[in-house]
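Quick notes on the structure that follows.
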Amino acid sequence: MPRLPNSNEQVEARLNKLDRLRESGSDPYALTTFEVTHVTTEIRENFETLEGEKVRVAGRLMGRRGMGKASFGDLQDDRGRIQLFVRIDALGEENYAAWLDLDTGDLLGIVGTVMRTRTGEISIRVASWTLLAKCLRPLPEKFHGLQNVDLRYRQRYLDMFVNPDSRLRFIQRAQVLRQLRRTLDEAGFLEVETPILNVIPGGAAARPFVTHHNTLDLDLYLRIAPELYLKRLLVGGLTRVYEIGRMFRNEGISTRHNPEFTMLELYQAYTDYRGMMDLTEKLFVACAEAVCGTTELCWGEVAIDLTPPFRRVSMRDLVLEATGIDFYALRDPVELAATAAAHQVTVEAHWGWGEVFNAFFETFCEPQLIQPTFVYDYPLAISPLAKRKAGVEDIVERFEFFINGGEMANAYSELNDPLDQRARFDDQLRLREAGDEEASRMDEDYCTALEYAMPPAGGLGIGVDRLVMLLTDAVSIRDVLLFPTMKPLGVNAPDEQQSREGSAGAQTQPTAARRSLDLSRVKVEPLFEDMVDFETFSRSDFRVVKVLDCEEIPKSDRLLKFTLDDGSGTDRIILSGIKKYYRAADLIGKTLVAITNLPERKMMGIPSQGMLISAVYEYDGGEGLNLLILDDDIPVGAKLY
RNA sequence: GAUCCACUAGCUCAGUCGGUAGAGCAUCUGACUUUUAAUCAGAGGGUCUCGGGUUCGAGUCCCGAGUGGAUCACCA
């Protein structure tokens, strides 16, 4: 019987070593401290002064090369590796034997002197060592590391100590965050924190995650953007604010999207989107120099040159250049539709000029924006929080910043006209009512804030994960997230969670129908080929009914007797042959569907007034059946069409 | 959500035409007092992701499921 799940002979061998250690009185998990005087990289960098000196280092044993009465090992700490040199005559026979019993992955404290080997490798001659924690599982292959991307994400801790690139990437991520803060702090910005739990998710067009506060009995949303809170702070008198934090959007996952991601948003009073372009340049250059030491980068197959100034071009000019169409001169709806059709741009029914203009940009221009490019002057229709551009109808002062065909930043001259803002929210509400789930919601308090006057300001949002991807040459956003969102495996899988909750007592249904089915074993009846006309169909009266009482018919092994409320005020009795699928008591109070205008029929001497509707199918050779159980909110007597 | 691809030992990967499951690293045993992807000799280790089907016989062919990856859609 293995002592650990997912055990194997290698795990057992390590467990046996653990047993021997404990029997000999040294518990490898008992130590609490170890004094460390140096890290590995320091020793290598300062070898001249440290040679022959005593050092104390700690880390993980990664490689071992035994030579009989002497042996080598590689000790890895958070900065790098250093070689250990161990000799039997330094440790004594017993202690040397214990050293040989160590495994790769074990965490060690080392005391020794700095030396250089015959081949020139800077090493530590081990005088004594301590096992700080025993590693019970074998390490991935030492040369190739951990390649399986699934395992790298699910077991990031393994990935991090086995693949140096991975560890480096997260160190660089921290450098990016530090540099963003440093640059903004030096420019007089104040870092603030605004709520993640929002009553109204605003500031972007995205589907939110919903959660619930029990005490307030209130549905709350995880923020999709901090924008509306940060701009309230401008009203409050702060002139330069920023927030770096996690946003949550309930949307697809891709190499550039994760449901939770990190965004930098900042607002600066008394400037506009041109000021934000300058600041974007400054931030990108500062981060590139801090992390890469240069502004000439490589991202996958492409060379990216971040040397300022970055290209600035209007959306109008880009589309004109790519397609020959001047959207500023294409205001007629009929002409617009014809142009879209001619260019095979798919248009949705409710789209106006702005949406079509944007679709042209996205289709014909966006993928070509490889080198850093500010695209400015966006359609008003897709920018409900941005200020109108003077002199051009339906255009706002907004830019998006692109690198390698992807959006890296988004900025506006912020809309501070309270009446216009209110009208824009109203427009969004109309879209929402028309079914656009991502249209903004009205934020009454935000409108009120604007009524107290918000200074003219520029606002900027930067996708921090994408910036880190660029600076660390990562192809997938998951490579720059420590723990990217994954579907759970094993005990945490959704199916298992359900069955656990079920066995906890809340769900008592014993039926075969409730368990999850192996769909490959389900067979259903072929669809009918004979058609029924609508009139015939609509003469069948399907009604929502509630089970007032349900009892088993004593002498029948199939029948249950239902007393039903069908909304008519008179109880309806229906007998149904589903006893082997459901227990009578479990069905009391359920909301079901019955057909109520069938001729009365006696079963076991009792008249049955209709049929309850079930789903039937063949499962594994036998019959499968599920009664249609509806949401209890549906009113009794409601007619089904 | 759609399409394509992957899943074989702890890890990295082979596996031919459908015919007894392979290597390297790792592990275990032995040799070796300056190696560094140490070396040398030997041994053990497999629910071929899961469930069906075809077949005398399936890692291999077919169907379904799971997880992951890529592309597309979505993400103004």
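Lettering follows sequence order; numbering is per chain, from 1.
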Base, sugar-phosphate alone, or nothing: which one does Phe248(A) contact when heavy atoms must sit under 4.0 Å apart?
nothing

Contact class for Gly66(A) vs. all strands (heavy atom < 4.0 Å): base, sugar-phosphate, or nothing?
base

What is the distance from CG of Leu102(A) to P of A26(B), rounded to the nearest Å?
16 Å

In this structure, how many angstroms lie between the C1' atom of C75(B) and the CE atom of Met247(A), rounded?
16 Å

Pairing of [X] and [Y] as salt bridge, 4.0 angstrom limit:
{"X": "Asp78(A)", "Y": "Arg167(A)", "value": "no"}
{"X": "Arg169(A)", "Y": "Asp473(A)", "value": "no"}
{"X": "Asp74(A)", "Y": "Lys142(A)", "value": "no"}
{"X": "Arg20(A)", "Y": "Asp101(A)", "value": "yes"}

Go through the steps for Glu141(A) and Val162(A) under the test side chain to side chain contact (heavy atoms under 4.5 Å, CB included), then give the verdict.
CA-CA 9 Å; Glu141(A) 213 247 10; Val162(A) 167; over 6 Å; no

C4(B) pairs with, by Watson-Crick or G-U criteria that keep both distances under 3.5 Å
G69(B)

Paired with C25(B) by Watson-Crick or G-U wobble geometry, both distances under 3.5 Å: which nucleotide is it?
G10(B)

Contacts under 3.5 Å, N or O only, protein and nucleotides 69-73 of chain B:
from, atom 1, to, atom 2, distance (Å)
G69(B), OP1, Arg478(A), NH1, 2.1
G69(B), OP2, Arg478(A), NH1, 3.2

Check each residue of residues 81-99 of chain A for a non-hydrogen atom within less than 4.0 Å of any atom in RNA chain B, then write out the ones that pass by number, or none.
Gln83(A), Phe85(A), Arg87(A), Ile88(A), Asp89(A)

My understanding is that only residues two or more places apart in sequence, or in another chain, count here; which of them pass side chain to side chain contact (heavy atoms under 4.5 Å, CB included) with Gln10(A)?
Asn8(A), Pro138(A)

Just compare C25(B), C28(B), U67(B) and give me whichever is closest to any side-chain atom of Asp103(A).
C28(B)

Looking at the side chain of Glu141(A), which of A38(B), U34(B), G24(B) is the nearest nucleotide?
G24(B)

Phe425(A) side chain near Tyr446(A) side chain, heavy-atom distance below 4.5 Å:
yes

